[in-house]
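Below: the structure, in structure tokens.
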Amino acid sequence: RRARPSDPTRLPAMAASTARALPPVAAGAPIPRVGRSGSTRDGRTAVARSRATATTRARATDTATPAVTTPASDAEWAASSPLEFAPSLKDAASCDALAVVGKKACVLDEGLLAHLPDAVQTHVRLLARDIKPGSEGAKRTTSVVLFDEEGDTLGTERGTTTLELTVIVLPDASKLSRHNAPSASHALTKCLAGFKAPRFGKTLGVACALADASEAVAIAAAVARAFPTYSTKSTDARRTESGRGAVAVKGTVKVALFDASRESHDEKTKNGNARVDAFAAAASVAGGVRLAARIVDTPPAFMDPDALVAEALNVCAELNALLFASDENESEKASRRVVATTLRETELIAGGFGGIVGVGAAAARDGREPALVHLCHRSDGDATKGRSTALVGKGITFDTGGLQIKGKTGMPGMKTDLGGAAGALGAFKAAVLIDPDGFKRGGGDLHCVLCVAENAVGPSAFRPDDVLLCKSGRSVEINNTDAEGRLVLADGVAFASGEDVDADDVVDIATLTGAQMVATGRFFAGIVSDSEEFERACVVAGRSSGDLTHPLPYAPEFFSREFGSAVADMRNSVKDRSNAQASCAGQFVANHLAKRGDTNGDADEAKVRKPKRWLHVDIAGPSTDKGSGRGTGFGVALLVELLNARGQR
């Protein structure tokens, strides 16, 4: 076999170890600054410096911006562009730049303003009152001169610092349609589009005023999308041996969440624990969003099947290291630990995963073997009462279209075809961090199943007219090699719903069809479900999380006939492309679900009383930003909210 394109021995100098490492920072220590000493913005201290001296030092340090070699883990990527959710409002206000975000009444909340310096309070009031947010939000930016206690007030440079202040006012609920998220997180995403992570040594504070603590997840996810981690932009030292291929380290973005609801002081005190839990959950979801977005953004030469498998295994290892301390009882720790199982080509063939093997056959000949990754987190709750859930993600690391190849305009951007797997993995990580015991999700076990393959072109590629035998035992005649996602998902849901996992609820998430964008657009995922209750819960979770969804028809009697074949159980693409393609694609996946038996068979009676449910989430549109093409991490917040909402009922 030839060496894989992502083999480190074939990479350019960007894999060299000569770039400067990220300097260690002690826990609780201030972020090191470049070009100037630190100063607080609350009026206690400031550093006097002449403009000439500041300019000289800035020039001297321009080429000294720390850089690291290409990070090898999600933690390293996050460290190269830090996003912190722990800071207080005072911490956020002490940054070099500050953005105050929220609906007008929340931004003008006196409890919020009391945490800001007096001069900042005045400007926030002036800007917020003048902003007309409309239905998509609006922002204004100004510079605020801050004086220290001993500084003079004549405007001289001594004893002053300048803060760049931006006020973002989100639309009120009265300006939003009933299908939109009450948090107006879509407007925050748009208003933050022009923001960039600060350069090393600088900090940006984002103070989020929430109309209700339940908005924390949606707002945190919107902030996380604005500051993605993946980048290969070169540094000023690009022409040096040590700087070639190095990734610049950025400054810290400090996000403070503030409950500006109209509850009384006593009510806020009473609900304090719930608010803390909501803010902690928001931080975990934000981390999952950035993880998913980075996986989508990474070029396919680096995010090939091996790399995506490694991402899942890294998540497993990180969760076990974070959540299960070594001093716990070993038996208890073992029962709660996240367990990972990986099947590669040989095991997939032996296990009957014909869909994944067929799609990944061409790339496998070059060393990029397909895979199925199964992560499992056992709940401490009563398994007979809770519902186990499997999140099944489509992980096509690059989609050429196969032998029915895409055109020159259709193939660029197909690195994003693993958005479903990225979203499922990010959601699994966030859900376990939020709920390590499994009680919040109702007590059921949580599974993550990633269906990983590259749809490449080559002598071993699967062909039109081939017949694949899928995990479900059903045969599929190929009439479109570019309809490969449903083939890997078919094996994934068969595995998740069958005896291997036997999940009560199966949720598959995928960038499956362009028809989804025709049906529900770029802001709403299209969902299909065999359960009206499950469908309704997903819509509610979408409005709560900001990852909006809208139901598509579920009608097997109308759509199953589209896949008729004379030589196999079904074809993989529809006969009539005008007959609800997005629903039909979901129906193809549903055809491979294992059904739970009745009480006269061998099935466990307790499980018979819990009929299986299935939910299909097509995120082809909202998984990427139309303008930049970058991943949005869509699906992470949605799935976490869906799981947690079930536990609250």
Would you call [X] and [Y] a salt bridge, taking side-chain N to carboxylate O under 4.0 Å as the test?
X	Y	answer
Lys595	Asp502	no
Arg613	Glu535	no
Glu345	Arg365	yes
Asp445	Arg378	yes
Lys415	Asp399	no
Asp304	Arg368	no
Asp576	Arg561	no
Arg294	Asp74	yes

Calculate, to the nearest 0.5 Å, the distance between atoms CG and CD1 belonging to Asp547 and Ile509 respectively.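 The distance works out to 8.0 Å.
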Atom CG of Leu291 and atom CG of Asn314: how far apart are they, to the nearest 0.5 Å?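 So the CG of Leu291 and the CG of Asn314 are separated by 9.5 Å.
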Do [X] and [Y] make a side-chain contact, defined as non-hydrogen atoms from C-beta onward lying under 4.5 Å apart?
X	Y	value
Val309	Arg344	yes
His374	Phe495	yes
Cys316	Phe428	no
Thr513	Gln581	no

Using side chain to side chain donor-acceptor pair (under 3.5 Å) as the criterion, point out the one residue from Arg337, Arg441, His447 that pairs with His377.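 It is Arg441; the other options fail the test.
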Evaluate the side chain to side chain contact (heavy atoms under 4.5 Å, CB included) criterion for residues Glu477 and Asp466: first the C-alpha distance (whole Å), next the side-chain angles of each, then the deciding distance (0.1 Å), finally the verdict. CA-CA 6 Å; Glu477 179 187 7; Asp466 277 350; over 6 Å; no
Return each pair, listed once, that meets ring-ring contact (aromatic ring centres under 6.0 Å, His included) where at least one residue sits in residues 576-595; pairs must be two or more places apart or across chains.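 Output for this query lists Phe563-Phe588, Phe588-His592.
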Just checking [X]: does its [atom1] atom have more than 12 heavy atoms from other residues, nucleotides or ligands closer to it than 6.0 angstrom?
X	atom1	value
Arg577	CZ	no
Phe534	CZ	yes
Lys190	NZ	no

Is the His179 ring parallel, tilted or perpendicular to the His550 ring (thresholds 30°, 60°)?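 Rings of His179 and His550: perpendicular, over 60°.
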